[in-house]
There are 2 protein chains.
Amino acid sequence: MMLPDAEIQHLDNIVNRGKPMDKGDMLFSAGQSMISIFAIRTGCIKTYTVSPEGDEQITGFHLPGEIVGLDAINSERHPSFAKAMTTSMICEIPYQKLDDLTAVMPGLRRQMVKIMSQEIMEEQKLLLLLNRKNANERLAAFLLNLSARYGKQGFSSSRFNLVMTRNEIGNYLGLALETVSRLMSRFHEDGLIRVQNREIDILDFDALYELAGIPCHKD
Amino acid sequence: MMLPDAEIQHLDNIVNRGKPMDKGDMLFSAGQSMISIFAIRTGCIKTYTVSPEGDEQITGFHLPGEIVGLDAINSERHPSFAKAMTTSMICEIPYQKLDDLTAVMPGLRRQMVKIMSQEIMEEQKLLLLLNRKNANERLAAFLLNLSARYGKQGFSSSRFNLVMTRNEIGNYLGLALETVSRLMSRFHEDGLIRVQNREIDILDFDALYELAGIPCHKD
DNA sequence: GCAGTTTTTTGATGCCCATCAATACCCTGC
DNA sequence: GCAGGGTATTGATGGGCATCAAAAAACTGC
């Protein structure tokens, strides 16, 4: 997932670095014409769509290193919303310039395509999660996914703070917020996690993996 | 969605045109290294993943004009399976050559990125469907989606044959096959559709749109 | 620290849809 | 035409989770 230094230098010249955002600020809204895509440097961004009836469906919680706005390239107009869930630092990448660069930077071009391919793959996994798994399994998989992503960033993968509410977790996973709350309590009672408010300690990874339907390596 | 003639000519030179496939033939399987992506010329392809427990989750039914295999670019290995549901004609597009071409063909490059962006968007819509809609709404949306896609290919959008079984529809929509069957019957009784086996006539588009949660234009 | 708001927890109830079961239908090959 | 397997329909039952409800806890700004 690395680019040659020279290519990074090029890229650095076009990104509008250091756009600080407060909690609640919008990166973009559905319907806006797409000027840039955005790379998250710090913080957390949620993306969501709004159904015809007006209720929101969260499509992702995005952590540093991830890119949002890729769904807008097709129509050149954003189909979704992106909102900062915490204070965040965002790199704005003008799409026109990025596209020009991909012509002369094969590494960047392949990287772009890979990132999009990965996003397609991730969404397929989410599809499987939502279609075939019950509430337990969904929440377990969700916690493990967060854990792994925090870990990849050098943070603790066993202890972290949820940036999202129970309601937002439920919305994302297709569960009622009460169900999420109940399951958190249950996982706590069962010794799988320690949860106090938004603070999560994962105590038994193996059991969680088991629950999530990813049999742990040792069995 | 069109390319300049010159670019099409280039593309034509690399595609392995006219690969006929019988019902049940595999285009690729999960785990295989990704050599090519595939454009569907005629027929119907289903893509699916297999969960750790071994049951399949259908991720899409693909009609002519669509491209499958894009989820493999990231890891250069297919994460999913693709199987012909009917006799089909498939264009095999060697990915290495395609990538080379995108360097010198800006139109092709943008087209590729657009196609991937669209796929991301489509999967987000599916996410919304599965998370927020009940069985009625899912099936209505499914039928309308098929209808629109057939229509776009010049076939009738109000009368078509399902290439997939009730079981496959249910698998895709996260419903039991019995639920799909019951709802088909219900829609029939209610005069929304006429269904005889795999043959579908859509009688009342407005009502279906209403059900699917897409308010029809006239209200 | 306190009032007001948002978020979370926990309980009670009920409905949607999965599951089980049995029959009917369709299709293919001989 | 008939046998056999796959597919579809329809009914009965139950469970998982949504929904409603209310209270507790946490956070906010002043």
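Using a 30° and 60° split on the angle between ring planes, A/His78 and A/Phe28 fall in the parallel class, below 30°.
Taking the charged nitrogens against the carboxylate oxygens, A/Arg166 and A/Glu178 have no contact shorter than 4.0 Å, which rules out a salt bridge.
Neither OP1 nor OP2 of C/dC16 sits under 4.0 Å from any side-chain N or O of B/Asn136. For the OP1/OP2 pair of D/dA8 and a distance below 4.0 Å, the side-chain nitrogens and oxygens of B/Ser181 include no atom meeting the criterion.
Residue-level contact check: A/Arg198 touches the backbone only, with heavy atoms under 4.0 Å from sugar-phosphate atoms and none from bases.
Look at CG on B/Asn197: it is 17 Å from P on C/dA24, rounded to the nearest Å. Remark: P of C/dC26 and CD of B/Gln196 are 7 Å apart, rounded to the nearest angstrom.
Remark: the A/Arg182 side chain and the C/dG11 base include a donor-acceptor N/O pair separated by less than 3.5 Å.
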Residue pair A/Phe160, A/Phe155: steps toward the ring-ring contact (aromatic ring centres under 6.0 Å, His included) verdict | CA-CA 8 Å; A/Phe160 50 86; A/Phe155 294 109; over 10 Å; no
Using the rule given for side-chain contact (heavy atoms from CB on, under 4.5 Å), can you reason through A/Leu173 versus A/Leu129, listing the C-alpha separation, both sets of side-chain angles and the distance that settles it, and then say yes or no? CA-CA 9 Å; A/Leu173 295 177; A/Leu129 187 71; 4.2 Å; yes
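Geometrically, B/Lys46 engages B/Tyr48 in a cation-pi contact defined by less than 6.0 Å to the ring centre and at most 45° from the axis.
Residues from residues 164-179 of chain B that place a heavy atom under 4.0 Å from any atom of DNA chain C, listed by number: B/Gly174, B/Leu175, B/Ala176, B/Glu178, B/Thr179.
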